[in-house]
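Note that the numbering runs from 1 along the sequence shown for the chain.
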Amino acid sequence: MQIPQLTFTRFLASISIVILHYGLFSWPMNTQLLAPLGGDLISAMSYFFFLSGFILVISSAKGDNLAERINSKNFWQRRAARILPVYLLALIIYFILNFKYDPSIPLKWQIQSYYHSLFLLQAWKYKMALDVNYPSWSLSVEAFFYFIFPWLYVILRKLSNKKLLTISTLLWILNLYIFIRLKNDGMPDNFIKYFPLLHLATFVIGINFGILLIKNYQWLLKVSRRYIFSATLAIGLFLLYAAFKNFNFLKYQHNGLLVPFYILVVYSLTLIKGKIADFLSSKPFIFLGSISYSVYILQFPVLQICQKYLPWFKGQETKDIFYPYVIVLITISSLVYLYFEKPARLFLKGKQSSISVN
């Protein structure tokens with residue numbers, strides 16, 4: 001099953017994180033109208049984790065039927081081909097730009113953050129989570145999700161609609177309770193925001209609602225579509241109002257608070273038909289969605305390159321160069337996608353097929 005109209009949302013989430021990191025003090029985010037929305041962009045990370053679980057189910061389905069099981073080896077190889085080439089490229093660029101050997105410090109201490117990042121373990125060592133190309137912490141979380149997905153899927157696909165909904169509700173409540181408790185108890189931010197297990201509930205809910213969509217697609221399309229559209233609009237407007245009014249509950253949104261809204265958004269986009277669906281599935285939007293991973297993982301190395309090596313960026317504050325930087329970032333991400341990420345993925349998939357045949 002393919003849902004191309006969701007692809008562009010990955011780009012929106014990626015560029016939201018870029019704005020959060022570097023664009024909050026640039027126009028128009030620094031205006032009185034939009035400034036209240038700036039901090040809410042952090043919830044885009046939870047959208048990534050939810051969408052990851054959802055899309056893994058959808059992409060494994062055969063038409064309107066759930067796959068019986070997931071071939072673990074093939075799945076892990078495909079995921080590695082998808083994320084590792086650009087991830088390692090970003091890591092190498094970061095190392096070249098930032099590593100300076102200090103003979104007074106043991107080498108193993110100087111490179112420990114790098115080898116944790118190399119093996120996608122940085123989020124497990126939460127004190128190191130942001131040490132190397134800090135946006136890459138989320139790939140450490142995703143790698144854990146990919147590792148456990150084949151087993152989770154086999155368990156969850158057998159459950160009834162009621163059990164899937166019940167588990168999702170309980171996981172959302174429990175996850176929110178743990179996050180609030182840890183935050184109020186003064187636990188380190190690097191732990192409560194980046195430790196992989198504290199995002200697992202969001203990923204599992206994504207899997208559950210992917211399964212629910214496949215199982216109930218025709219019913220959702222014929223009976224529930226209008227209600228889902230209406231609920232999405234109503235809750236979206238409420239969240240905008242809450243952001244402008246600075247409602248206190250929004251400070252807890254980093255670890256999946258808005259997952260119920262994401263479910264509605266994803267279902268609305270999945271069930272939408274006609275010209276809007278065709279527009280969101282057009283080639284420019286699909287392309288932007290396709291480069292979103294490079295946009296996300298290269299955002300900091302590209303900023304460093306701009307500030308160190310491009311004359312018109314040197315000595316400038318980030319807020320003053322944000323839009324030229326975004327243009328450079330999208331351009332480089334497009335080139336990386338076309339001439340590195342895509343060919344590397346095809347090459348690795350070809351190797352995988354060759355190994356499978358042999």
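Shortest non-hydrogen contact noted between L213 and F54 is CD2-CZ, 3.6 Å. Taking every heavy atom of both residues into account, V86 and Y293 meet most closely at CB-CE2, 3.8 Å. The shortest heavy-atom contact between K251 and K183 is O-CE, 3.8 Å.
The main-chain N or O of N175 is never found under 3.5 Å from a side-chain atom of N255 such that the two would form a donor-acceptor pair. Checked by atom type and distance alone, the side chain of Y153 never pairs as donor or acceptor with a backbone atom of L56 at under 3.5 Å.
Y227 and V265 end up in different hydrophobic clusters when Ile, Leu, Val, Met, Phe, Trp and Tyr side chains are linked at under 4.5 Å.
A centroid separation of less than 6.0 Å is found between the aromatic rings of Y262 and Y47. Here the two rings, on Y325 and F313, have centers that are 6.0 Å apart or farther.
For K162, the side-chain contact (heavy atoms from CB on, under 4.5 Å) criterion is met by S160, T166, not counting sequence neighbours. Looking at residues two or more places apart in sequence or on another chain, you find a side-chain contact (heavy atoms from CB on, under 4.5 Å) between A44 and A13, S16, I17. With sequence neighbours excluded, the residues satisfying side-chain contact (heavy atoms from CB on, under 4.5 Å) with S292 are R10, F11, S14.
Relative orientation of the F179 and Y252 rings is perpendicular, given thresholds of 30° and 60° on the angle between their planes.
The closest side-chain donor-acceptor pair between S224 and Y267, if any, does not fall under 3.5 angstrom.
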